[in-house]
Number of protein chains: 4
Amino acid sequence: MTKRELIMDAAASLFAEKGFYAATVEEIADRAGIGKSTVYEYFPSKEHLFRETLKGGLESYMEAMKGRLKQPCSVRDVLTAIGTAHFNFIQKRTSAARILAGENSSQSPWADELLLQLRERRITMFSSLLSQGIERGEFRRVDSRAAAEVFLGVLGVLCMPVLRGGEDDKKGAAERFYHGIDIFFSGILDQE
Amino acid sequence: MTKRELIMDAAASLFAEKGFYAATVEEIADRAGIGKSTVYEYFPSKEHLFRETLKGGLESYMEAMKGRLKQPCSVRDVLTAIGTAHFNFIQKRTSAARILAGENSSQSPWADELLLQLRERRITMFSSLLSQGIERGEFRRVDSRAAAEVFLGVLGVLCMPVLRGGEDDKKGAAERFYHGIDIFFSGILDQE
Amino acid sequence: MTKRELIMDAAASLFAEKGFYAATVEEIADRAGIGKSTVYEYFPSKEHLFRETLKGGLESYMEAMKGRLKQPCSVRDVLTAIGTAHFNFIQKRTSAARILAGENSSQSPWADELLLQLRERRITMFSSLLSQGIERGEFRRVDSRAAAEVFLGVLGVLCMPVLRGGEDDKKGAAERFYHGIDIFFSGILDQE
Amino acid sequence: MTKRELIMDAAASLFAEKGFYAATVEEIADRAGIGKSTVYEYFPSKEHLFRETLKGGLESYMEAMKGRLKQPCSVRDVLTAIGTAHFNFIQKRTSAARILAGENSSQSPWADELLLQLRERRITMFSSLLSQGIERGEFRRVDSRAAAEVFLGVLGVLCMPVLRGGEDDKKGAAERFYHGIDIFFSGILDQE
DNA sequence: TATGAATGAGTTTTCATTCAT
DNA sequence: GATGAATGAAAACTCATTCAT
């Protein structure tokens, strides 16, 4: 692992744990097992380091989503696959995910913007899938933007337990995750 | 308005805008129109001030939810009423809401805890309502915890546009909000 | 003496002794007998502090020159009076003078500019006096700009011994000073 | 050109531009087109490098002055020749000259000392020439030390325009230079 | 010999908090 | 109470210097 990666990993985990401000460059360096000023050999400032961390997380998230989109099956299946990919990403790259999850509480103005962009991209993606599904007759004629937002929110909340402390309840989390996705598709009303 | 309230208001808006770290005590005092050290007459530390701000937002949120629960009508209507109350709260007390929305990106460890508690309380409430609804036959037999989480998430995302910059698109936001709630109840599948 | 002045004095003497870079804010604060961060209550940065120091020296220099210009006597006397004022200033406000003397060796780009401006103002002043003297027939028809520069240089070098360490040789310095001025007026050639 | 010279040249120009502190070893290495630590193969420290640069400038300055002294002509001519040599040196080796010109604004305590020594040597030289001239009856009986200082100062100021930015006004500078020298010899008084 | 990489010591700057009035 | 002024502790950042190759 290159030293740059070492630093980014340390940074990612600390930013995830404590946020941008509370994490100090010294801690990051310590966790990376290097001297404080070495950080500055690789990143011109703490802010740049955070930005890179963010971008890294973002890229690897987008990567994780790849290939889920063009399977020749129902849109419902595609969305479920995306959900699965999302859930897996959260489990494997928890600290990256934690940083990406901080849509609110501005860590810094430009971070907000990047995260907002991510949000928009995801909503656009979902929205277009949902439109497809509607055209194909899979889904009823809902407002695809609203539905996309809902899907986004559902993915978000359902992963929160994992983002929190928890190694503990992985199975439960997964189950509830799929149950939640199901509710998104079928609603909760009793419609016999 | 008492001086204490003056401070808390200033604090709430600044914490909402910039987060706990980036907001300085001096700015807060300035915005409140008082001297910097006066803040310390009313709050022992910046952290306490934040805590109080948080608690204040929390209380007024709980207050806003009150009375929505015991109407003699369908559980669906109760949940919708809660959604409405939530949406109205977000619009009227945007900065309080912004602070409460920062579930992720820890501003401070104990803040996380408080917000986690709020989350739990809300889930419990929703969950119990959903159980009621299931018993009454209004809803199908979903996992009420999972459904509660989903409902929470739906309320969250749908309010984000309002929490962001936006005075702009209030009507659109409201429409999409109710559309989203509807999706929660009915799902998106075409089930003729 | 106000605290601001206390700081500026400490700063002036340290900047004079060691230059902008080698003088640390901590030393300045120590010499002023205050805490390091107090400096920042009065000046937004070390650079600003330096700038103010410079400006202060500049103003008090210009002040010291005032009133020397409009005496109803020969231009030679006016120039000599200016020389005297200059010499006295150097002796009374040695550290301010030392800073102003640093025309070369850039302490910082904008400092250079300020000092260059001072140089220009002085040359202009001398030049105009010299032109007067020429018109009146006191001086021969020299290039007034060149002569002004020479006068400036003469004032400068002749004061250097005082700017250096020396309490030691005050009388000698004064004597040589006036002797030097005389050379400026009469040259060194033997012209009987 | 040896690597040592490469480094010294780069150092000279950077020290001239920015002063001792603002010039970094890295920049110097970059400008010399070598690796940073190679500098340390040739010079034990930045300070030593500066010292060498200074000494180099000093030597080449002394070199430039050589041979001007023993011509069998008037002392006035010798001094003028020295002035010319000085002026030429300033134009050809501007950055070395800039460093040597920084008599004031201490870049470092020992640098001050070296420059002070240079100053003394030059004054001694001028002073002895002037004494000769007085004995020969070329000059009137001035204090030769004072006159030497004045000559030094005159050479200094008159070269400043060249040391500043200026490729622009070379002819004007040269003219004013000789005019200034003339003033040193003849004074400015009208002595018909 | 040459150098990229690493770093420790030191510097500026920030800001919550205290204290005298 | 209310507050301006003062500050210590901590944080980001710089850079000359060293070291392994």
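Predicted model, so just to flag it, every value in this text is computed and none were measured. Each chain gets a letter, A, B and so on, in the order the sequences are listed, and its residues count up from 1.
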Q: Rounded to the nearest 0.5 Å, what separates atom CD in C:Glu52 from atom CG in C:Leu54?
A: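 Atom-to-atom, C:Glu52:CD and C:Leu54:CG are 9.5 Å apart.
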Q: Can you tell me if the side-chain N/O atoms of C:Tyr42 get under 4.0 Å from OP1 or OP2 in F:dA6?
A: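 So the side-chain polar atoms of C:Tyr42 do come within 4.0 Å of the phosphate oxygens OP1 or OP2 of F:dA6, strictly under.
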Q: For C:Arg31, enumerate each residue passing the salt bridge (charged side-chain N to carboxylate O under 4.0 Å, His left out) test, keeping only those at least two apart in sequence or located in another chain.
A: C:Glu17
Q: Which whole-number value in Å describes the distance from A:Arg4 CZ to E:dG4 P?
A: 19 Å
Q: If you take all heavy atoms of C:Phe20 and C:Lys46, which pair is closest and at what distance?
A: O-NZ, 2.9 Å
Q: Would you say the side chain of C:Phe89 lies within less than 4.5 Å of the side chain of C:Ser60, judging by non-hydrogen atoms?
A: yes
Q: In whole Å, what is the span from the CD1 atom of B:Ile28 to the P atom of E:dC15?
A: 12 Å
Q: Using purine N1 to pyrimidine N3 plus N6-O4 or O6-N4 for Watson-Crick, or N1-O2 and O6-N3 for G-U wobble, each under 3.5 Å, what pairs with E:dA20?
A: F:dT3
Q: Over how many whole Å does the gap from B:Leu6 atom CG to F:dG1 atom P extend?
A: 17 Å
Q: Reading nucleotides 14-21 of chain F 5' to 3', which nucleotides get B (base under 4.0 Å from a protein heavy atom), which S (sugar-phosphate only), which -?
A: BBSBBB--
Q: Over how many whole Å does the gap from B:Phe43 atom CZ to E:dA16 atom P extend?
A: 15 Å
Q: Would you mind reporting whether C:Ile28 and C:Phe43 have side-chain heavy atoms less than 4.5 Å apart?
A: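 Of all side-chain heavy-atom pairs linking C:Ile28 with C:Phe43, none is under 4.5 Å.
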Q: For B:Lys3, what residues pass the salt bridge (charged side-chain N to carboxylate O under 4.0 Å, His left out) criterion, not counting sequence neighbours?
A: none
